[in-house]
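Scroll down for the structure; my scribbles are underneath it.
All chains are named by letter (A, B, ...) in the order of the sequence lines, taking the proteins before the strands, and each is independently numbered beginning at 1. Remember, predicted model here, so these are calculated numbers, not experimental data.
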Amino acid sequence: MARDPLGFFGRRGDQDDAHRGERFRFFLRHGCCYKPPMKSDTPNHQVLQALVPALAKATGLSTDAVAAQLGRPPKPEMGDYAFPCFAYAKANKVPPPAAASQLAEKLAADATLAPLVQKVEAAGPFLNVRVKPGELCASIIRMIEEAEGRFGESAAGAGKTVVIDFSGPNIAKPFHVGHLMSTILGASLGRVFRALGYAVVGVNHLGDWGVQCGFQFLAWQRAGPVERETQLAERGLDYLCDLYVDINAPAREVSVLEAELADKEAVVNPEERERIKKRIAAAKPEADARDVAARELFKRLEDGDPELKQLWERFRKETLRYLQKSYDRLGVKFESDAGEGFYEPQLKPLLAELQASGVAVASEGALVIPMDDGPPKPGKERKPPFILRKSDEATIYGTRDLAAALYRKKTYGFHKNLYVVDVRQSTHFQMLFKALAKMGHAWHKDCSHVAFGIMQIKEGDTVLPMTTRGGRMIPLYELLDRMVQIVRDIVREKNRDLSADKAAQVAEAVGVGAIIYWVQARRRASNFVFDWRQATDPNGDTGPYLQYTHARACSILRKSQAQPGSWRTADLRLLVEPEEAAVVKALEGFPAAVRRAGDEYEPSLIATYLLDLSSAFGNFLNKHRVLDSPPALRQARLALVDAVREVLAKGLGLLGVAAPGEM
RNA sequence: GUUCCCGUAGCUCAAUUGGAUAGAGCAGCGGAUUUCUAAUCCGCAGGUUGAGGGUUCGAUUCCCCCCGGGAACGCCA
């Protein structure tokens, strides 16, 4: 399989756990993603190297405290750096404005700052520092050049592993637009954590176990032997879904009719009620028969029937192969595709252990872990327990999640274990983590549910949920195709010089990039509505805008005819324009944006950051010429353009958005 | 009913985690093009940050109480 070049994740079941763990440690040491560790962790350049110690000396605070406080004034006219003096004022028992004045005098007298700093002035309780314009640009661009393409990365996570559980499609249900959030967010978090120096294990926790498998076997057995083979090969998951839908048709009819019957308002007429009852009676025997047959088949799978096991394995593989097409377009990779079925053999020993230790108890015929602490309070409803085994002896997804968490800790020794799943499951994960706590695992606090809001879709004037029973689901590939289709015309219209081949590539990059950007452009907690018109709008807060800015930068560098890197010898102190300073100040913020995106599991912070950078750069390009500048200035501006290009490409890369060189 | 999330310009969202006069995009109006790619840039207009109270030098941010919207709440995933 393409995404498994080292054969690290072999076939399930042919290796034991210890073996897998061993392979994993090998992967950590020699894997394809290995890079040497970063030298420096915090962003640093000549100006800050002078300014921070000077402030620390003047205030008596630590350099870390100063660096953390140092910010930006609200308007660029006020200065390049701002330092709030409240802490210093409190320590010295003077009013903050007086403190600011005192500090301004001290810094003005500091000889180490003289070559770099133009002006230090008190503004109320703030201290505003104006750096000599050329020095600011030189200092920051130099820092980016010296990072050798690694600007924004850090070594914060060196030696630590993050496990990210994301995407997790169900092999019986369509892979639709609702899965987009988890897939894109999870993949971005993986890239962000890698940039921060962590080893990352992306897990596609497939929903590949349960009675649904029985229904699929049943449908498969009923389908034509030749037709089913060609259909499965061609349509993969789509075919399995159709099978699932068809085999469930009678059951679905019964439940729809029963719901109708229960809704008294809808059916007052007794004749109508009778008609419905008859239809239920007609459909029910077939529905029940299929249900019994499916459960029987699933039971046989659970008991280890080799023929069914083989078929199950085939469905899994075919589904994954099929999904990989969409994953490839989205730039998504997984290190593991251990789904629910993978944990099945671990469940019985786990349950036995939990019972023996008394963590799990019997309740209403089921085996559960209680979620209430202490004695029940009168008048207070008791919390529902975490169910491990139903009264019919079958396990449920929570049991497998518990086994999965234990397995991941044992195999990967994770520093963090993340679940990128929508907000509706937040109680489930709270219970899961609490169950781990009750088992005595202190690492339960390293587990987090990275919840995101529910996406709805706007078709015409109506807003529909994505996961309704009634409406048709839009398969993911269809969404991507539609986006690319819309973009194709725009590409043609905007740039007629592109060859047909290039235009097609650009359309793919921009169409897919637009949707990837769109879902990451807001904080993940908020619910939002997918709007075709807005998502494909080439103007404004969009992926295409960022990609376009990047393409412009590339174009300028191309047309300069300069050898890449030849601008490294440029005199960067010639960059004294306010628009240049604004760009450089935006560039300076990149490492912090990446770090925060990791800390908060929030890729949108990178999206917002890139927008700021693009807008500063656009402003610069509009006001100043690069290629028409005098030779020395031209070289310095090329260095600036190249730094912007690098950060845009890198930031877009973290988000999973392609950055074509022209469009 | 209990628990969790959300509420900021007409719309979609920001706000350096408690900092200075709350900022962008879309939509509206007005400008800038012999384009280093106008898929751009600039200007105007748009606000009692759902309401009220509290904490302090300072609150969109933290605490309390309401109002409104969403979600989850015992054997589905």
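- Of the candidate nucleotides B:rA39, B:rA20, B:rU21, B:rA20 has the atom nearest to the side chain of A:P74.
- Considering only the side chain of A:N622, B:rC41 comes nearest among B:rC41, B:rG19, B:rA14.
- Contact between the side-chain N/O atoms of A:R522 and the OP1/OP2 oxygens of B:rC13 is found at a separation under 4.0 Å.
- Look at CD1 on A:I556: it is 5 Å from C1' on B:rC36, rounded to the nearest Å.
- When the P atom is used for both B:rU49 and B:rA59, the distance is 12 Å, rounded to whole Å.
- Contact check, A:R523 against B:rA15: a side-chain N or O comes under 4.0 Å of OP1 or OP2.
- Counting only heavy atoms from C-beta on, A:V368 has its side chain closest to B:rG74 among B:rG74, B:rC41, B:rA20.
- Closest to the A:L621 side chain, of the nucleotides B:rC36, B:rA39, B:rA20, is B:rC36.
- Across the C1' atoms, B:rG70 and B:rC26 are found 25 Å apart, a figure rounded to whole Å.
- Across all strands, A:A82 comes closer than 4.0 Å to base atoms (heavy-atom distances).
- Here B:rA39 is the nucleotide among B:rC13, B:rC42, B:rA39 with the atom lying nearest to any side-chain atom of A:K494.
- Sparse packing is recorded around NZ of A:K502, with 12 or fewer heavy atoms of other residues, nucleotides or ligands lying under 6.0 Å away.
- Between A:F215 atom CZ and B:rC76 atom C1' there is a gap of 12 Å when expressed in whole angstrom units.
- Side chain of A:L605, nearest nucleotide from B:rA15, B:rC36, B:rA20: B:rA15.
- Across B:rA9 and B:rC65, the matching P atoms stand 26 Å from one another, rounded to whole Å.
- Of the residues listed (A:K119, A:R130, A:R72, A:K75), the one engaging A:D80 in a salt bridge (charged side-chain N to carboxylate O under 4.0 Å, His left out) is A:R130, and it is the only one.
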Determine, stepwise, if the pair A:Q547 / A:Y517 fulfils side chain to side chain donor-acceptor pair (under 3.5 Å). CA-CA 10 Å; A:Q547 290 173 312; A:Y517 181 84; over 6 Å; no

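- Using a 4.0 Å heavy-atom distance criterion, A:H550 is classed as making no nucleic acid contact.
- Nearest heavy atoms, A:V487 versus A:G511: CG2-CA, 3.6 Å.
- B:rA39 has no base stacking with the ring of A:Y545 when judged by centroids under 5.5 angstrom apart and an interplanar angle below 30°.
- When both distances must be under 3.5 Å, the Watson-Crick or G-U wobble mate of B:rA51 does not exist.
- A distance of about 24 Å separates the C1' atoms of B:rA71 and B:rU60, rounded to the whole Å.
- Atom CD of A:Q563 has 12 or fewer heavy atoms from other residues, nucleotides or ligands within 6.0 Å.
- The side chain of A:T427 approaches B:rA72 more closely than any other nucleotide in the set B:rG74, B:rA20, B:rA72.
- Separation of the P atoms belonging to B:rG54 and B:rA72 is 37 Å when rounded to the nearest angstrom.
- Relative to the side chain of A:D541, the nucleotides B:rA24, B:rA20, B:rU40 differ in distance, and B:rA24 lies closest.
- In this structure, the nucleotide among B:rA20, B:rU37, B:rG74 sitting nearest to the side chain of A:E662 is B:rU37.
- Taking the C1' atom of each, B:rC5 and B:rG10 are spaced 25 Å apart, rounded to whole Å.
- Set against B:rU16, B:rU37, B:rA72, the side chain of A:Y548 has B:rU37 as its closest nucleotide.
- Using Watson-Crick or G-U wobble geometry with both donor-acceptor distances under 3.5 Å, B:rC29 finds its partner in B:rG43.
- Heavy atoms of A:I396 sit under 4.0 angstrom from primed sugar atoms or phosphate atoms, though from no base atom.
- Under the Watson-Crick or G-U wobble criterion, with both distances below 3.5 Å, B:rU37 has no partner in any strand shown.
- If you measure from atom CE of A:M431 to atom P of B:rG74, you get 9 Å, rounded to the nearest angstrom.
- Look at A:S555 and you'll find a side-chain N or O under 4.0 angstrom from OP1 or OP2 of B:rU37.
- In this structure B:rU60 sits in no base pair that meets the Watson-Crick or G-U test at under 3.5 Å.
- Among the heavy atoms of the strands, none lies under 4.0 Å from A:P95.
- Using N1 to N3 plus N6-O4 or O6-N4 for Watson-Crick, or N1-O2 and O6-N3 for G-U wobble, each under 3.5 Å, B:rU2 pairs with B:rA72.
- Dashed line: the shortest gap from a side-chain N or O of A:R558 to OP1 or OP2 of B:rU37 is not under 4.0 Å.
- Look at A:F86 and the base of B:rG19; the rings stack, centres closer than 5.5 Å and planes less than 30° apart.
- Side chain of A:S167 to backbone of A:T183: no donor-acceptor contact under 3.5 angstrom is found.
- Looking at heavy-atom distances under 4.0 Å, A:V491 makes contact with a base.
- Enclosure of atom CZ in A:R492 is not indicated, since only 12 or fewer non-hydrogen atoms of other residues, nucleotides or ligands lie within 6.0 angstrom.
- One atom, CD of A:E602, and another, C1' of B:rC5, lie 13 Å apart when rounded to the nearest Å.
- Partner assigned to B:rU21 is none, using Watson-Crick or G-U wobble distances below 3.5 angstrom.
- Among the heavy atoms of the strands lying under 4.0 Å from A:R400 are primed sugar atoms or P, OP1, OP2 only; no base atom is included.
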